[in-house]
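No hydrogens, no waters, no symmetry mates; every other heavy atom, side chains included, goes into these values. All chains are named by letter (A, B, ...) in the order of the sequence lines, taking the proteins before the strands, and each is independently numbered beginning at 1. Predicted model only: the values in this text are computed from it and were never measured.
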There are 2 protein chains.
Amino acid sequence: MSHTVGIRQAQKQKTRQALLDAALRLLEDQSLSSVGLREVTRAVGVAPTAFYRHFTGMADLGVALVEEALGSLHATIGEALTEPADEARIDRTVALVAELVRTSPAHVRFVAREQHGGVAAVRAAIGEQLGRFADEVAAVFAAEPESAGWSRDDLDMLAGMYVDHMVMTASALLEAGPEDEERVSALARRRLRLVSLGRRHWLD
Amino acid sequence: MSHTVGIRQAQKQKTRQALLDAALRLLEDQSLSSVGLREVTRAVGVAPTAFYRHFTGMADLGVALVEEALGSLHATIGEALTEPADEARIDRTVALVAELVRTSPAHVRFVAREQHGGVAAVRAAIGEQLGRFADEVAAVFAAEPESAGWSRDDLDMLAGMYVDHMVMTASALLEAGPEDEERVSALARRRLRLVSLGRRHWLD
DNA sequence: TGTACATCAGTGAACGCGCGTTCACTGATGTAC
DNA sequence: TGTACATCAGTGAACGCGCGTTCACTGATGTAC
């Protein structure tokens, strides 16, 4: 075998991930600004000082969590939007959000909570990711024949509504709990249908 | 003069209000769960123990702030919705939100931040107030001829969209700052126009 | 393959500090007569 | 109006505790020869 790619580096990654995981768990019922660095290291079982080998402080860890929560989502969302028919696209979009909430409730809660939370760097990181989603959605819409005659500004407006509704739906699903998932999803679909109707008549 | 209605009681109210005001100022760049009781009393200039004469803890103070921020708003919103024409109603609604953000930015920021924040009692209090807003908006819509044939559920859906968009607009206005107020307001109006269009064609 | 030195993730003691809460208190305001 | 007692908003000392950060360290992993 050639060059083991670093036992040391692998172990460091493992500790870093353990810190992120422990923080995420603590963030389920606290906000970032009230979770302490010592709390996190205690949960992992390392000395408080080890924290500094990975992050400059809790804000830094928060930014890393934003990347973990949203970074890999761009591909998935782009995929859901390839659906050509309006109804089917709405169904897939809402289903995707519901699945995300089911699979990674803690990540979703973290993003919902810190989107307007007390840590500026984290707010900025979330805003940047959501802005990228909106751009991607706008690009998909722009390529469609239904968007003929639409201004760039109006397309951005529409895309923004889609993204904002996805975030609100995610947050509503979290609050509602699994037993009410279908009810909340149905409501989210009707909302998107209303927006879709508005889109169809925008240029009347 | 007959019975001075209590010097003592008046002074107590004054201290209580001072605690609320000081907390609100501290909350401009922190979240509720990270503002300390001692921080608040220090800002007011009373002993930490005086706090307990007014609130059981910071969560309790937070709930009082929710009432202060949203309690008196029901009348104002109801008024804006009396506007019969769609366009005029949208303009008045957005203008009302913009004015609220201009007049009470700290209250608005507090509500936006704690709506999904780390303190359950405060989240619940905000959710309750927003739910009441949605009910009031739904009642106004229900009374209109355009709502003929609409189910109760669909009316609630529509009202929910209105309220959610007001909250998002308020939050966007805060983030943008005064110089971008007109741009954000214009965007908010277009969004409401899209929803309004969707409403008109909902039963097609 | 073996040896000698460098790197660096994680340690553990120590620091000064502000926190929330308790308690018995003080003295101005309120009330009964 | 005057006096004697009750109430209670705010005080100040004290407590035990966990916090973030510093520092010199250790010992396993990595590297050069």
Side-chain angles (χ1 to χ4, degrees), chain A residues 1-27 29-65 117-122, chain B residues 1-27 29-65 117-122:
Chain A
M1 211 164 290
S2 68
H3 198 246
T4 344
V5 228
I7 295 178
R8 207 185 247 175
Q9 195 183 318
Q11 175 54 42
K12 185 175 185 184
Q13 270 309 309
K14 224 176 110 189
T15 306
R16 183 188 137 99
Q17 193 56 51
L19 288 168
L20 286 167
D21 293 349
L24 196 61
R25 227 204 66 239
L26 291 164
L27 283 163
D29 31 38
Q30 295 176 67
S31 47
L32 184 61
S33 50
S34 62
V35 171
L37 167 169
R38 286 181 104 108
E39 251 182 294
V40 175
T41 55
R42 198 183 307 125
V44 171
V46 296
T49 44
F51 186 94
Y52 296 108
R53 299 277 176 215
H54 304 276
F55 306 103
T56 63
M58 283 301 295
D60 190 27
L61 179 147
V63 171
L65 276 179
V119 182
V122 172
Chain B
M1 211 165 289
S2 67
H3 197 248
T4 343
V5 227
I7 295 179
R8 208 185 246 173
Q9 195 183 320
Q11 174 54 40
K12 186 174 185 184
Q13 269 309 309
K14 224 177 110 189
T15 305
R16 184 189 137 98
Q17 192 57 50
L19 289 168
L20 287 167
D21 294 348
L24 195 62
R25 227 204 66 239
L26 291 164
L27 284 164
D29 31 40
Q30 294 176 68
S31 46
L32 183 62
S33 50
S34 62
V35 170
L37 166 169
R38 288 181 102 108
E39 253 182 293
V40 176
T41 54
R42 199 183 307 124
V44 171
V46 296
T49 44
F51 186 94
Y52 295 109
R53 297 280 175 212
H54 304 276
F55 306 103
T56 63
M58 283 301 295
D60 189 28
L61 179 146
V63 171
L65 275 179
V119 182
V122 171

Mind calculating the distance between [atom1] ([X]) and [atom2] ([N]) to the nearest angstrom?
X	N	atom1	atom2	value
A:Glu39	D:dC19	CD	P	6 Å
A:Gln9	D:dT29	CD	C1'	12 Å
B:Asp60	C:dG20	CG	P	15 Å
A:Gln11	D:dT26	CD	C1'	16 Å
A:Gln13	C:dC8	CD	P	15 Å
B:Gln30	C:dG18	CD	C1'	13 Å
A:Met58	D:dG20	CE	P	8 Å
A:Ile7	D:dT29	CD1	P	5 Å

Return the stems involving DNA chain C, sorted by first number, where pairs are Watson-Crick (N1-N3 with N6-O4 or O6-N4) or G-U wobble (N1-O2 and O6-N3), both under 3.5 Å, and runs are 3 or more long. C:2-33 with D:2-33

Can you list the steps and then say if A:Lys14 with A:Gln17 is a side chain to side chain contact (heavy atoms under 4.5 Å, CB included)? CA-CA 5 Å; A:Lys14 224 176 110 189; A:Gln17 193 56 51; 5.9 Å; no

For B:Val35 versus B:Leu27, what's the shortest heavy-atom pair and its separation?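 Heavy atoms of B:Val35 and B:Leu27 come nearest at CG2-CD2, 3.8 Å.
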
Would a 4.5 Å heavy-atom cut-off, applied to side chains only, mark [X] and [Y] as touching?
X	Y	result
A:His54	A:Lys12	yes
A:Met58	A:Phe51	yes
A:Asp21	A:Arg25	no
B:Glu39	B:Arg42	yes
B:Leu37	B:Tyr52	yes

Testing C:dC19, C:dA28, C:dG10 for proximity to the side chain of B:Arg38, the answer is C:dC19

Closest approach to the side chain of A:Tyr52, judged atom by atom: which nucleotide of C:dT7, D:dG30, D:dG20 is it?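 Of the candidates, D:dG20 comes closest.
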
Find which nucleotide of DNA chain C each of A:His54 and A:Arg8 is nearest to by heavy atoms, and output the residue with the more 5' nucleotide. A:Arg8

Separation between CG of B:Leu19 and OG1 of B:Thr41, rounded to the nearest 0.5 Å: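 Reported to 0.5 Å precision, the distance equals 7.5 Å.
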
Assess whether one donor atom and one acceptor atom, taken from the side chain of B:Arg53 and the base of D:dG10, lie less than 3.5 Å apart. yes

Residues which pass side-chain hydrogen bond (donor to acceptor under 3.5 Å, both in side chains) with B:Gln11, listed by chain and number, not counting sequence neighbours: B:Thr15

Return the residues of residues 40-51 of chain B meeting this criterion: a heavy atom under 4.0 Å from some atom of DNA chain D. Order them by number, or give none.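 Close to the strand are B:Val46, B:Ala47, B:Thr49, B:Ala50.
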
